[in-house]
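Counting starts at 1 for both ligands and their atoms, in listed order.
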Amino acid sequence: MKKWIQPFRLFIQACFTAGLFLPWIHPETISGYLFWTVLAVGVFFCGWVCPFGTVQEWIGWIAKKCKLPRFKMPWKIQKYLQFSRYTFFALMFLGISFSFLNARFYFQDNLVHNMLSWTSGITLAIFLIISLFFDRPFCNYFCMKGAADGLMSIIRPISIKRDNQICVHCQLCDKACPMNVLVENTTFVRHPNCINCMKCLSICPKNCIKFNLMNFHLKKEKK
Ligand code: SF4
Ligand code: SF4
Ligand code: SF4
């Protein structure tokens with residue numbers, strides 16, 4: 001287990017959340033810097049920078065500390081629902097906009113600059129309340145930026161890799177993943193939902209998850 005990674009990530013997330021008030025490390029500026037890196041190493045912005053992703057994570061953490069019930073989306077629903085944010089993204093190109101659901105914008109722009117309307121406030125509150133019970137609901141099912149970056153990341157040659165020779169199939173990695181990626185039955189994670197949060201890597205008791213270059217001879221394995 002690499003226990004230092006999550007406290008380190010928490011520190012980085014806190015810095016970029018403070019960056020909402022500092023133009024030179026504002027998350028949108030960082031998003032621009034990271035744009036092309038997505039093609040090579042996947043989506044670090046969502047796991048390490050985005051303040052709205054961070055806030056959803058912190059609310060989940062508070063809920064755990066308060067011993068509120070936390071849920072994982074059952075796979076029989078998740079296997080369809082995982083496409084929802086990509087569907088919203090595709091519909092945008094057909095002129096069907098769901099921008100009224102853009103809680104990330106409401107948080108990062110309206111709330112921070114004290115310009116929240118009733119409707120945007122209610123939308124934002126709904127996602128934050130759901131975050132008490134489910135991991136990153138907005139990221140998982142609604143975020144169009146997350147969808148766009150995720151789609152760009154599927155060709156990445158560097159990502160999460162699991163060594164099946166050492167894996168004991170405890171599924172702790174699956175339970176830890178806030179984006180509902182099934183790590184335990186995958187050798188090389190190139191799922192567009194992966195946000196490089198490294199929670200799977202941090203929790204693995206056998207240290208069989210690494211972040212490195214794909215071995216093109218390894219194929220996806222079935223359970
Ligand atoms: S999916 Fe959207 S809201 Fe979530 S961390 Fe990524 S950009 Fe932020
Ligand atoms: S946490 Fe590690 S040992 Fe457990 S299933 Fe995942 S990769 Fe295998
Ligand atoms: S697969 Fe691992 S790195 Fe990717 S989102 Fe899930 S826990 Fe985070």
Side-chain angles (χ1 to χ4, degrees), residues 1-2 5-6 9 12-13 16-17 20 27-28 30-32 34-35 38 41-60 72 78 82 84-86 88-89 101-109 123-124 127-128 130-131 134-154 156 158-212 221 223:
M1 275 193 249
K2 296 186 174 62
I5 295 179
Q6 294 309 316
R9 191 173 69 92
I12 301 287
Q13 285 178 307
F16 285 120
T17 302
L20 281 172
E28 292 309 310
I30 304 299
S31 172
L34 293 177
F35 184 74
V38 171
V41 293
V43 189
F44 273 91
F45 176 78
C46 293
W48 293 70
V49 179
C50 176
F52 193 53
T54 301
V55 162
Q56 291 170 83
E57 233 179 271
W58 287 352
I59 289 177
K72 271 266 181 218
Q78 175 65 18
Q82 66 180 329
S84 62
R85 67 180 194 169
Y86 306 101
F88 287 126
F89 183 60
L101 287 175
N102 197 344
R104 185 177 88 91
F105 175 79
Y106 296 149
F107 175 78
Q108 180 167 302
D109 293 273
T123 307
L124 182 56
F127 281 109
L128 295 180
I130 300 173
S131 304
F134 288 90
D135 282 331
R136 289 183 177 243
F138 182 77
C139 304
N140 268 288
Y141 307 116
F142 292 95
C143 186
M144 280 172 267
K145 166 154 178 61
D149 285 1
L151 289 173
M152 275 176 66
S153 77
I154 56 178
R156 61 194 186 270
I158 301 170
S159 186
I160 295 291
K161 196 162 95 177
R162 183 186 60 90
D163 187 342
N164 196 45
Q165 305 294 321
I166 315 171
C167 177
V168 292
H169 304 285
C170 62
Q171 296 189 328
L172 286 174
C173 47
D174 290 353
K175 287 179 194 142
C177 180
M179 296 301 288
N180 297 294
V181 177
L182 298 179
V183 183
E184 185 259 342
N185 70 351
T186 309
T187 299
F188 189 79
V189 174
R190 274 203 298 196
H191 196 293
N193 277 13
C194 176
I195 54 170
N196 284 337
C197 66
M198 308 293 159
K199 283 194 170 179
C200 54
L201 185 150
S202 307
I203 205 162
C204 178
K206 293 290 174 186
N207 276 334
C208 57
I209 300 181
K210 308 266 186 255
F211 182 75
N212 63 14
E221 298 144 17
K223 269 186 181 173

For the student: nearest non-hydrogen atoms of [X] and [Y], plus distance:
X    : Y    : value
N180 : Y141 : ND2-OH, 3.7 Å
I209 : L201 : O-CG, 3.5 Å
R156 : F188 : O-CE2, 3.9 Å
C194 : V181 : N-CG2, 4.0 Å
E184 : Q171 : OE1-NE2, 3.3 Å
R85  : C139 : NH1-O, 2.9 Å

Check: When the ring centroid of F127 is compared with that of Y106, is the distance short of 6.0 Å?
Finding: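 Between F127 and Y106, the centre distance exceeds or equals 6.0 Å.
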
Between [options], which one has a non-hydrogen atom sitting closest to [atom]?
atom                   : options                : value
atom 3 (S) of ligand 1 : Q108, Q13, R104, R85   : R104
atom 1 (S) of ligand 2 : A176, C167, C177, C170 : C170
atom 5 (S) of ligand 1 : M144, K145, R136, Q56  : R136

Nearest neighbour in protein (non-hydrogen) for [atom]:
atom                    : result
atom 4 (Fe) of ligand 1 : C139 SG, 2.3 Å
atom 2 (Fe) of ligand 1 : C143 SG, 2.3 Å
atom 6 (Fe) of ligand 1 : C46 SG, 2.3 Å
atom 8 (Fe) of ligand 1 : C50 SG, 2.3 Å

Mark up the atoms of ligand 2 that fall under 4.0 Å of a heavy atom belonging to [X], in ascending order.
X    : result
V168 : 3 (S), 8 (Fe)
R162 : 7 (S)
I209 : 7 (S)
Q171 : 4 (Fe), 5 (S)

Check: Going by the atom numbers of ligand 1, which of them fall below 4.0 Å from some non-hydrogen atom of G146?
Finding: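 Near G146, the atoms of ligand 1 are 1 (S).
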
Next item on the list: Within a distance under 4.0 Å of any heavy atom of F138, pick out the atoms of ligand 1 and give their elements.
Entry: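 Close to F138: 3 (S).
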
Check: At under 4.0 Å between heavy atoms, which part of M198 makes contact with ligand 3: side chain, backbone, both or neither?
Finding: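 Backbone only.
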
Next item on the list: Could you tell me whether V183 approaches ligand 3 through its side chain, its backbone, both or neither, with non-hydrogen atoms closer than 4.0 Å?
Entry: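 Near ligand 3, V183 shows its side chain, while the N, CA, C and O stay back.
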
Backbone N or O of [Y] within a donor-acceptor pair of the [X] side chain at under 3.5 Å?
X    : Y    : value
W48  : F16  : no
Q6   : S202 : no
D149 : V38  : no

Check: Does ligand 2 have a heavy atom under 4.0 Å from the side chain of H169, from its backbone, from both, or from neither?
Finding: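 Only the backbone of H169 comes within reach of ligand 2.
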
Notebook entry, point to check: Does ligand 2 have a heavy atom under 4.0 Å from the side chain of P205, from its backbone, from both, or from neither?
Noted result: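 Just the side chain.
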
Notebook entry, point to check: So, is C173 placed with an N/O/S atom under 2.8 Å from atom 6 (Fe) of ligand 3, counting both backbone and side chain?
Noted result: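 Looking at C173, which is the residue asked about, there is no N, O or S atom under 2.8 Å from atom 6 (Fe) of ligand 3.
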
Note to self: Which of the numbered atoms in ligand 3 are under 4.0 angstrom from any heavy atom belonging to C194?
What the structure shows: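 In order of number, 1 (S), 3 (S), 4 (Fe), 5 (S).
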
Item checked: Worked check of ring-ring contact (aromatic ring centres under 6.0 Å, His included) between F52 and F142 -> CA-CA 12 Å; F52 193 53; F142 292 95; over 10 Å; no

Margin query: Are P27 and F45 packed together at the side-chain level, in the sense that at least one heavy-atom pair is separated by less than 4.5 angstrom?
Written below: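 They are in side-chain contact.
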
